[in-house]
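Here is the structure we will look at, set down as structure tokens.
Note that the coordinates shown come from a computational prediction; the quantities given were computed from them, not determined experimentally. Here, residue 1 is the first one in the sequence, and each next residue gets the next number.
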Amino acid sequence: MENKEYVFKGTVINGFVMLFVTLALFIASVVGIVFSIIQLDGSDGACGGWLLGGSILLLIADIVCMCSFMQLEPNEAKVINWFGKYAGTFQQVGFYWINPFYGQKKVSLRARNLDAEPIKVNDKTGNPVMIGLVLVWKLKDTYKALFEVDTQTMAANPNAVGSDTKGLMNALENFVRVQSDAALRQVAGQYAYDDEDTKAGEPTLRSSADEINEQLEQKLDERLALAGIEVVEARINYLAYAPEIAAVMLRRQQASAIITAREKIVEGAVSMVKMALDKLSNENIVDLDDDKKAAMVSNLLVVLCGDDAAQPVVNTGTLNH
């Protein structure tokens, strides 16, 4: 997209110099008015009239010039226009004076933070999830921000835009909020919530945070470039199932965790039983037939895999046939 922003090239004078000049002209005009009134009361009325008219005009011009001072802090800018025509952007820090017939609109180039409230979206598999983001953005192109986007009607107080920096920035923040919502819905719909609903190795919202954040920044850059806004960082800061399915999904996750734990327990119990049988056989401690081995395996698995502590039963019988 073409960059239409450029540096203001009009006449800019040091503010302190012009402050001294305007104060001197103000004093001169006041003195001229006083002397003209004295002359009007005297014999030279015609000269006093001309002096009074000139002094009043000088005072009016001086007051107009006093309205043209501007002060800029770091990361602030003034968008200058000449009777509606864009004349450039001024970003030099300090106290200055420009032609009073130039229009000025002050904007902030500082980074701003947006903590979006979680919204409900459907993931790739159709499950409703709650997802939110935190976004750091700043204004990069002042021309696009003021003339490519309708900030006048987006502002809460349209009449304040141009004279009030806060009104303009709030209007841009509303634009960022809406576009962030759309980008978040688009990205979240491309991925499943977790790997239980997708093929192994596929990225998910839970397991692929870096890839998701990268996709989110890319989508936001595409959407916010129209307003001259640069995305510094965008990250998902909230992710959960929607309330209506959260309880069901929690039970599913608990069941999956229990099954995984049981698999580990059974795997360990089988290896321990095998080790016990091998050791009894290798060291000739006792001679067990197949029925006794099966009973021993059954008892050991019950003891090792059970949730409660085993209650021992002493067998006083014989192991002989």
Side-chain angles (χ1 to χ4, degrees), residues 3-39 47-113 137-147 151-152 155 157-173 227-230 232:
N3 184 12
K4 299 180 181 179
E5 182 189 64
Y6 56 86
V7 178
F8 176 67
K9 302 184 183 301
T11 302
V12 179
I13 303 175
N14 184 282
F16 295 102
V17 174
M18 285 303 299
L19 180 61
F20 175 79
V21 172
T22 54
L23 289 176
L25 292 176
F26 178 78
I27 295 173
S29 61
V30 171
V31 171
I33 291 174
V34 172
F35 274 102
S36 64
I37 293 175
I38 295 175
Q39 289 183 351
C47 183
W50 283 106
L51 180 60
L52 178 62
S55 299
I56 293 175
L57 290 177
L58 179 61
L59 179 62
I60 295 173
D62 187 59
I63 294 174
V64 172
C65 290
M66 287 182 179
C67 298
S68 248
F69 290 100
M70 62 179 181
Q71 177 181 334
L72 287 181
E73 298 177 358
N75 288 320
E76 288 184 342
K78 285 274 190 176
V79 179
I80 312 300
N81 62 80
W82 176 257
F83 294 101
K85 181 180 179 181
Y86 175 67
T89 301
F90 187 78
Q91 299 185 27
Q92 296 184 22
V93 177
F95 184 52
Y96 300 95
W97 179 93
I98 64 171
N99 188 324
F101 294 101
Y102 279 116
Q104 304 178 25
K105 293 183 179 181
K106 189 175 182 180
V107 295
S108 174
L109 305 180
R110 296 166 182 167
R112 298 173 71 90
N113 188 57
W137 62 277
K138 64 180 180 180
L139 190 59
K140 184 178 181 181
D141 191 316
T142 58
Y143 180 90
K144 293 179 181 178
L146 267 72
F147 304 113
T151 52
Q152 295 286 345
N157 182 11
N159 295 327
V161 176
S163 60
D164 181 17
T165 306
K166 183 179 179 180
L168 171 62
M169 300 310 296
N170 286 341
L172 289 175
E173 186 169 335
I229 294 173
E230 177 186 6
V232 179

Less than 3.5 Å apart, which donor and acceptor atoms pair up between the side chains of residues 57-75 and the rest of the protein, not counting sequence neighbours?
| residue | atom | partner | partner atom | Å |
| --- | --- | --- | --- | --- |
| Ser68 | OG | Ile98 | O | 2.9 |
| Ser68 | OG | Asn99 | O | 3.4 |
| Glu73 | OE1 | Arg110 | NH2 | 3.1 |

Give every donor-acceptor pair under 3.5 Å between a side-chain atom in residues 22-29 and any protein atom, sequence neighbours left out.
| residue | atom | partner | partner atom | Å |
| --- | --- | --- | --- | --- |
| Thr22 | OG1 | Met18 | O | 2.9 |
| Thr22 | OG1 | Leu19 | O | 2.9 |
| Ser29 | OG | Leu25 | O | 3.1 |
| Ser29 | OG | Phe26 | O | 2.7 |

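The line from CG of Asn81 to OH of Tyr102 is 10.0 Å long, rounded to the nearest 0.5 Å. The CG atom of Asn113 sits 9.0 Å away from atom CD of Glu173, with the distance rounded to the nearest 0.5 Å. Rounded to the nearest 0.5 Å, atoms CG (Leu109) and CD (Glu76) are 8.0 Å apart. The distance from atom CZ of Arg112 to atom CG of Leu139, rounded to the nearest 0.5 Å, is 10.0 Å. In this structure, CZ in Phe90 is found 8.0 Å from CD1 in Ile80, a value given to the nearest 0.5 Å. Note that CG of Asn14 is 13.0 Å distant from CZ of Phe20, once rounded to the nearest 0.5 Å.
A donor-acceptor pair under 3.5 Å is absent between the side-chain atoms of Glu5 and the main chain of Asp141, judged by distance alone.
Residues Tyr143 and Tyr6 place their aromatic rings such that the two centres sit no closer than 6.0 Å.
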Between Tyr86 and Leu146, is the side-chain contact (heavy atoms from CB on, under 4.5 Å) condition met? List the steps.
CA-CA 10 Å; Tyr86 175 67; Leu146 267 72; over 6 Å; no
Side chain to side chain donor-acceptor pair (under 3.5 Å) between Ser36 and Ser55, intermediate numbers included:
CA-CA 8 Å; Ser36 64; Ser55 299; 5.2 Å; no
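The two residues Ala77 and Gln91 come nearest to each other via the heavy atoms CB-CG, 3.7 Å. Residues Trp97 and Pro100 come closest through the heavy atom pair CZ2-CD, 3.7 Å.
By the neighbour-count criterion of 12 heavy atoms within 6.0 Å, atom CZ of Phe83 is densely surrounded, having more than that number from other residues, nucleotides or ligands.
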